Amino acid sequence: MQVYESHSAEELEQYAASSFAPALAAVPKDFHCRTTLADLGGGIAAGTFTTRPLRIQASRTGIARGDGQDTLMLCIHLSGAGTLEQHGREASISAGTAVLFESGTPFDLNYVQTGESLTLQIPRDLVPLRGNEISQGLSQAIPLASPSLQLLRLYLDQLHKVAGSFSSPQRGDAARAAIDLLAMTMRGMAPSVQADDVLVEVLREHIRASLGIRH
């Protein structure tokens with residue numbers, strides 16, 4: 001488990017550039033942000049993000065200075081409020097919702113209250129969806145009422161706590177389950193696709209096996 005703490009805009013910008021995308025930050029004087037990450041390999045990581053109010057903006061110019069990796073970031077919000085803007089859309093951030101954004105295009109993330117989130121980072125090219133399906137899901141509020149998001153929340157809540165003890169094959173299994181869950185959550189956003197209870201149960205078994213959970 002890796003832990004990162006930021007107490008200033010400069011420290012937050014350094015962390016953002018090294019972990020997601022180069023960006024500019026604006027924070028209050030008493031700012032504090034804490035991130036925990038469980039590295040699953042291949043650019044996939046699960047963790048937590050706790051922060052006081054902040055605003056962080058990534059521009060095309062700043063992104064061009066990065067490593068060129070386009071990474072998806074899912075934040076499942078447990079508390080706090082704010083907004084996320086990307087691709088000309090604005091999503092409201094509140095407890096009980098999730099938002100997805102990417103490092104390869106400009107974004108504006110604004111937390112107006114202290115907040116806590118579960119996070120999942122996955123390289124965009126590892127998600128088994130068409131490019132337009134992914135783009136349509138960015139900067140859209142996903143309600144926690146979504147069955148697939150509920151399952152993903154439970155999975156991430158346990159995963160970041162225990163992944164440090166995993167072997168390399170177990171981390172690979174955990175990463176594949178996270179990818180499956182994210183893809184299923186994103187498919188659930190499309191009105192033409194209905195949640196498949198059988199798939200949910202199969203995936204639940206896959207997650208139990210990945211975490212070594214017995215009935």
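The basis for the numbers below is simple: all heavy atoms, side chains too, and nothing from hydrogens, waters or symmetry mates. Not measured: the values here are computed from a predicted model.
Using modelled atom types, no side-chain atom of R187 and backbone atom of L182 make a donor-acceptor pair closer than 3.5 Å. E133 contributes no side-chain N or O that, together with a main-chain N or O of L129, makes up a donor-acceptor pair within less than 3.5 Å. A distance-only check finds a donor-acceptor pair linking the side chain of S139 to the backbone of L84 [under 3.5 Å]. Q57 contributes no side-chain N or O that, together with a main-chain N or O of F107, makes up a donor-acceptor pair within less than 3.5 Å. When atom types are taken as modelled, the side chain of Q170 and the backbone of S167 share a donor-acceptor pair closer than 3.5 angstrom. T71 contributes no side-chain N or O that, together with a main-chain N or O of S103, makes up a donor-acceptor pair within less than 3.5 Å. A donor-acceptor pair under 3.5 Å is absent between the side-chain atoms of E85 and the main chain of E90, judged by distance alone.
Remark: R89 CZ to T83 OG1 distance equals 14.5 Å, nearest 0.5 Å. Note that CD of Q2 and OG of S19 are 10.0 Å apart. Values are rounded to the nearest 0.5 Å. The distance from the OG atom of S8 to the NZ atom of K29 is 14.0 Å, given to the nearest 0.5 Å. The OG atom of S148 lies 8.0 Å from the CG atom of L181; values are rounded to the nearest 0.5 Å. A distance of 13.0 Å separates CZ of F166 from CG of D39, quoted to the nearest 0.5 Å. Residue L159 holds its CG atom at 8.5 Å from CG of L120, rounded to the nearest 0.5 Å.
In terms of heavy-atom proximity, A141 sits nearest to A91 at N-CB, 3.9 Å. Closest approach of L144 to R153, counting heavy atoms only: CD2-NH1, 2.9 Å. The minimum heavy-atom distance between Y155 and A174, with the atom names listed, is OH-O, 2.8 Å. What you find for A95 and S79 is that their closest heavy atoms are CB-CA, 3.9 Å. Minimum heavy-atom separation, V127 to A183: CG1-CB, 4.4 Å. Closest of all the heavy-atom pairs between P123 and G42 is CG-O, 3.4 Å.
The hydrophobic cluster containing L138 also contains M184, counting ILVMFWY residues as joined when their side-chain heavy atoms lie under 4.5 angstrom apart, directly or transitively. Taken together through direct or relayed side-chain contacts under 4.5 Å among Ile, Leu, Val, Met, Phe, Trp and Tyr, L100 and L151 form part of one hydrophobic cluster. Note on M73: it does not cluster hydrophobically with L149, by side-chain heavy-atom contacts below 4.5 Å among ILVMFWY residues. Hydrophobic clustering (ILVMFWY, side-chain heavy atoms < 4.5 Å, transitive): L37 and L118 are in distinct clusters. Under a hydrophobic-cluster definition in which Ile, Leu, Val, Met, Phe, Trp and Tyr are linked whenever side-chain heavy atoms come within less than 4.5 Å, directly or via other members, F20 and I44 are assigned to different clusters.
Looking at L24 and I56, their side chains never come closer than 4.5 Å, going by heavy atoms from C-beta outward. A heavy-atom distance below 4.5 Å is not found between the side chains of S135 and R130. You'll find the side chain of N110 reaches within 4.5 Å of the side chain of V112, heavy atoms only. By the 4.5 Å heavy-atom criterion applied to side chains, F31 and S6 are counted as neighbours. Considering only heavy atoms from C-beta on, F101 comes within 4.5 Å of C75 through its side chain. Looking at D108 and R55, their side chains come closer than 4.5 Å, going by heavy atoms from C-beta outward. Looking only at side-chain heavy atoms (C-beta outward), V27 and R52 stay at 4.5 Å or farther from each other.
Inspection of the R65 and S59 side chains reveals no N or O donor paired with an N or O acceptor under 3.5 Å. At a cut-off of 3.5 Å, with distance as the only test, no side-chain donor of T97 or H77 sits close to an acceptor on the other residue. T48 and T36 are linked by a side-chain donor-acceptor pair at a separation below 3.5 angstrom, with hydrogens and angles left out of the test. There is no side-chain donor-acceptor pair under 3.5 Å between Q136 and H87.
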Subject >> Evaluation steps, side chain to side chain contact (heavy atoms under 4.5 Å, CB included), between T114 and T51 >> reply: CA-CA 6 Å; T114 295; T51 185; over 6 Å; no
**OP:** Determine, stepwise, if the pair R34 / V3 fulfils side chain to side chain contact (heavy atoms under 4.5 Å, CB included).
**Re:** CA-CA 7 Å; R34 186 175 191 270; V3 179; 3.6 Å; yes
Original post:
Checking side chain to side chain contact (heavy atoms under 4.5 Å, CB included) for the pair L109/V99: CA distance, chi angles, key distance, verdict?
Top reply: CA-CA 11 Å; L109 178 63; V99 292; 5.7 Å; no
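Y4 has its ring centre no less than 6.0 Å from the ring centre of F49.
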